[in-house]
Structures are given as C-alpha cells and as structure tokens.
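What follows is a set of notes on a single structure, which appears directly below.
Just so you know, these numbers use all the heavy atoms, side chains as well, and skip hydrogens, waters and symmetry mates. All chains are named by letter (A, B, ...) in the order of the sequence lines, taking the proteins before the strands, and each is independently numbered beginning at 1.
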Number of protein chains: 2
Amino acid sequence: MIRVAIVDDKINNRKVITDKLSRNNFFTLAFQAVNGEDFLIQMRQLPEDDRPHIVLMDLEMPEIDGVSAIGTASSLYPDIKFVVLTIFDDDDKIFRAIKAGACGYLLKEESSEVIIDMLMNLWESGAGPISPSIAYKILQIVQRPVAAGEKEKADPNLFQLSEREKEILQLLSQGLDYKEIASKVFISPNTVKKHCINIYQKLHVNSKAQALRIAYTKGLI
Amino acid sequence: MIRVAIVDDKINNRKVITDKLSRNNFFTLAFQAVNGEDFLIQMRQLPEDDRPHIVLMDLEMPEIDGVSAIGTASSLYPDIKFVVLTIFDDDDKIFRAIKAGACGYLLKEESSEVIIDMLMNLWESGAGPISPSIAYKILQIVQRPVAAGEKEKADPNLFQLSEREKEILQLLSQGLDYKEIASKVFISPNTVKKHCINIYQKLHVNSKAQALRIAYTKGLI
DNA sequence: TCAACAAGTATCCATTTGGAGTAATGTTTC
DNA sequence: GAAACATTACTCCAAATGGATACTTGTTGA
C-alpha cells in the first residue's frame, strides 16, 4: 500500500482528492493537513514507519504555504516524494516548487485516471508526475538563459527569517557557538540562543545540526 | 493544414512517422531530410510560404546532428517549432536540445495518438509536446543546484576517515543525535560519541557544527 | 493609538555534547 | 609476534545546548 498524505486548506479539495485515490486500493491515506505548518507538525509527531511515501501538496495556504513546506520537509524527509497538486500554473510557483524539492507538479484539472496513473508510475519507476502544460513551462525555464552571470541563489525568504536571524544562521554555519557569535555581533549569548531557537521554529527543526542541514541544502548560506 | 517536416537518417523511421501523421488529415508533409545538413540546405531553398510549421527532428545523425540543426535553424527561423523525436533519453541530449531551441521532446515509443494529440496541442495552444518521462528529467535539470559550475569532488580520503567514521559523519549530517545514530547502526551511544570525537580530531574541529561545515563544504557527504 | 512584531535580555532546568581517560576485541602490516 | 589501527564500550565531569517563560524597548502597520 502506498501511503499518501494530502495537504490542502479546503476541506472540499481534500475530500475530492481522497475520493479520487480511494477508487484504487493501492493507496491509503496517511493523514491530511490543512496547511504547511499543520503538515510539518503532524510529520514530526508521526512514527517513522507511518510516514507517507507521497505527499500531495497544494500551494497558497494560510500559515505556511506549500513551497515552504516542501522546502523544509524535503530536507528533513529526503525519501518522501512531494508532488504539487494545485490550480496554479504560473512560472514562478512552478520554479520555486521544483527548487524547493518537488518531484512532480500536477494540475487539479487532471482526471482521476491520469492522477492515479501518474502516481502509480511515480511509485514504480520514480518518475515524477507532471501535467503536460506544466512540463512545457519547465522546459521554458531550462531554456531561459541564465541571465546575468551566476544567480543560483535560493529564495532567501523561503523560511521568512528576519535579517538578524539570517545573520545568526550564517555565523552558526561557521561553527561558532553562542558565546562566539555573541561577541561577534555585540549582543548577549542569551539573545543569540533566543534567536537560534526562533530560527529552529521557523525551520521546523530542533537542533543545530538539523538547522545547518537545511541551511546548506537550501542555499541559505 | 499544419506543415510538418521530418528529419531522420533512417528511411524506415521517416516512413513510420509519416504514416502516423497521415492518419490525421490536419497534417501535411512539408519535406523530409536525412540529416541536419540536408535539412538546412532544403530549408534555404524553400519558398517562405512553404516552410514547415513544425519540424520533427531526430538526434544522432551523420553530417550535422539534430542539436546543431536546431541551434542553427531556431535562429534562422524563429517561428518554426522544433520538436525532438528520438529514442535517446539521456540528460545531456535533452538539456542540449532544449538549450538549442527545441520546444518539445518526444520519445519514438509514444503511440500515434499521443504524438498527434500533442502536436495538435502544440499548434493550438503553443504548448510544446513532451513525453512524461522526459518531463521528469527536465524537472531534475531545473532542480540540479549548480549543474554547469565547478564541482571539484574533493578526495573523500582527504581526512583519512575510516569507513565507519564516514558513515557516522553522514548520519550526523542528517541532524541525528548520538542516541538516534546508535539505534540506526546498532551500536552503543557511547561508541557513537567516541567516533564523533575521533572524527573531530581528524578534522581538527571540536564541535558538531564545525565538523558539518567541513563535511558540507568539502563534499564529504 | 493600539497591535503586532523584531530585537534584546534574562533565568530555570533537563538534556546533549565534548573531553579525557581506560580497555577489550579484532585486523592488518611489518 | 609485535606494532598499529579500527571498532566497540564504558566512566566521570564540565560545558554547551534546547526549551519554556517572562520582560523591555523600539518600529511598523492598520
């Protein structure tokens, strides 16, 4: 059985998707979440063996949107396949979702058969499901010249860190401890620690090592 | 009527494709070419009004291959849609074809219906036709962090870490603590700790964060 | 003007970590 | 066979970390 989690703020959407999937008994619903925040919290509480294989993620949700959730979760749970399932098809959303770690991008207008077919295929061959019109936009993204020199800079606002927090994270990544950072930035070690804990919350982690993992893999530093 | 040109060195392939298209009377064959060179020459001699709307281009042909032909022709004839139709699906060919100006990439294994469907769609909506498995590869190209940059895979033995130590470092980088690593590797947390301290000594650091910094920046993980 | 929020400071407390030992197994190499 | 090393495991201890909570001070936006 393929465990699938559904993240969507609209209860009706969740129901529709659940219905679509339930027509095929290869899928079982791992859990539902109403936004990225909810998803990440539920994931953390979930026993490892109950984690979903595939996550269908809407974009544009309150609290934490799908892109951010994928960004965080794809670092924390690298084995899980994140598939965007949404009505949005603008280049920016597609690009950011892929960069964040989505392995597929489906439009909600797709039929149940197509969606199930593609998810089965994802499970069997690992090939991410992509709606045709989306595929073409992705191609255009590749086609676009890299513009000016190197920009390769991941969205620094992906996690909504404040300037100070980004600064602290930067110093943290250099292997400095609280005291060292404190003296470098002329604030109290207590404050550094406070910042760190705030950063962890925004990144949905609870240790320095995990935070650095995300920082490194998402290009925050 | 949509004028289609076919470029393929194998006469049999050309015949198969022609047959596939002829089942639908929206398409008419503009001309055939046996390689990129031949294609470009014929294009030059062709009256503007007879130019094809769509070109189905194989890769790997004598004289001038498909990628080069697309590169040249997409500059000379920007209104023509170039679609790769081939059996090759390796990342490099896909990437270079797209960069050269291909607006679609189809595998020959696709059925006539799918190909015709996608070409119709290209004509109507401008969306380039892309085989699903290719779409996923394109997505991965976008996903790839640097791609064309300096990769310089560092010598993994640079620090003379033992196999076990590399393994521990790997797990460490995933944000796991001693206990978690211990249970994953079936050894005592004490031993994990001992390994870590040994690793720190070899890396000449004295904290997890510093070790991870080196691991990330030196490509040890 | 009030609310929200970033930023700074602090304390308490439990857990985690790093450091320095000791020591028993095995390999491998000379 | 002995030296060198990898792997395993343990103890004691001091320091660092993370979480929770409380407070003040600015700035910004509704």
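Salt bridge annotation for B/Asp91-B/Arg96: absent, with no cationic side-chain nitrogen under 4.0 angstrom from a carboxylate oxygen. The pair A/Asp19-A/Arg14 does not count as a salt bridge, with every side-chain nitrogen at least 4.0 angstrom from each carboxylate oxygen.
At the phosphate of C/dG19, neither OP1 nor OP2 sits under 4.0 Å from any side-chain N or O atom of B/Tyr200. At the phosphate of D/dA9, OP1 or OP2 sits under 4.0 Å from a side-chain N or O atom of B/Thr191. For C/dT17, neither phosphate oxygen OP1 nor OP2 lies less than 4.0 angstrom from any side-chain nitrogen or oxygen of B/Tyr178.
Note on A/Ile197: a base of the nucleic acid sits closer than 4.0 angstrom, heavy atoms only. Residue contacts for A/Asn190: at a heavy-atom cut-off of 4.0 Å it reaches a base atom on one of the strands shown. The residue A/Ser188 sits close only to the backbone: its heavy atoms come under 4.0 Å of sugar-phosphate atoms, none of a base. Among the heavy atoms of the strands lying under 4.0 Å from A/Lys208 are primed sugar atoms or P, OP1, OP2 only; no base atom is included. In this structure, B/Lys179 reaches the sugar-phosphate backbone alone: every heavy-atom distance under 4.0 Å involves primed, P, OP1 or OP2 atoms, never a base. As judged by a 4.0 angstrom heavy-atom cut-off over every strand, B/His195 is placed among the base-contacting residues.
In this structure, the side chain of A/Ser207 engages the main chain of A/Gln210 through a donor-acceptor pair within 3.5 Å.
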Practice problem: I would like to know whether B/Asn198 and B/Ile168 meet side chain to side chain contact (heavy atoms under 4.5 Å, CB included); could you show each step before the answer? | Solution: CA-CA 11 Å; B/Asn198 290 339; B/Ile168 300 291; over 6 Å; no

Quiz prompt | Derivation and outcome, side chain to side chain contact (heavy atoms under 4.5 Å, CB included), residues A/Arg3 and A/Phe31 | solution = CA-CA 9 Å; A/Arg3 289 190 295 278; A/Phe31 66 91; over 6 Å; no

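The distance from atom CD of B/Glu180 to atom P of C/dT15 is 15 Å, rounded to the nearest whole Å. Per the geometry, CG belonging to A/Asn206 stands 15 Å off C1' belonging to C/dA14, to the nearest Å. As rounded to whole Å, 9 Å separates atom C1' of D/dT8 from atom CZ of B/Arg164. Atom pair B/Leu212:CG and C/dT17:C1' shows a separation of 13 Å (rounding to whole Å applied). Counting to the nearest Å, the C1' atom of D/dT17 and the CD1 atom of A/Ile199 are 14 Å from each other. For the pair A/Lys166 NZ and C/dA6 C1', the computed distance is 13 Å after rounding to whole Å.
Residue A/Lys193 places no side-chain atom within donor-acceptor reach of the base of C/dG8, judged by atom type and a 3.5 Å distance cut-off alone.
Nearest to the side-chain atoms of B/Glu163 among the listed nucleotides D/dT7, D/dG18, C/dA10 stands D/dT7.
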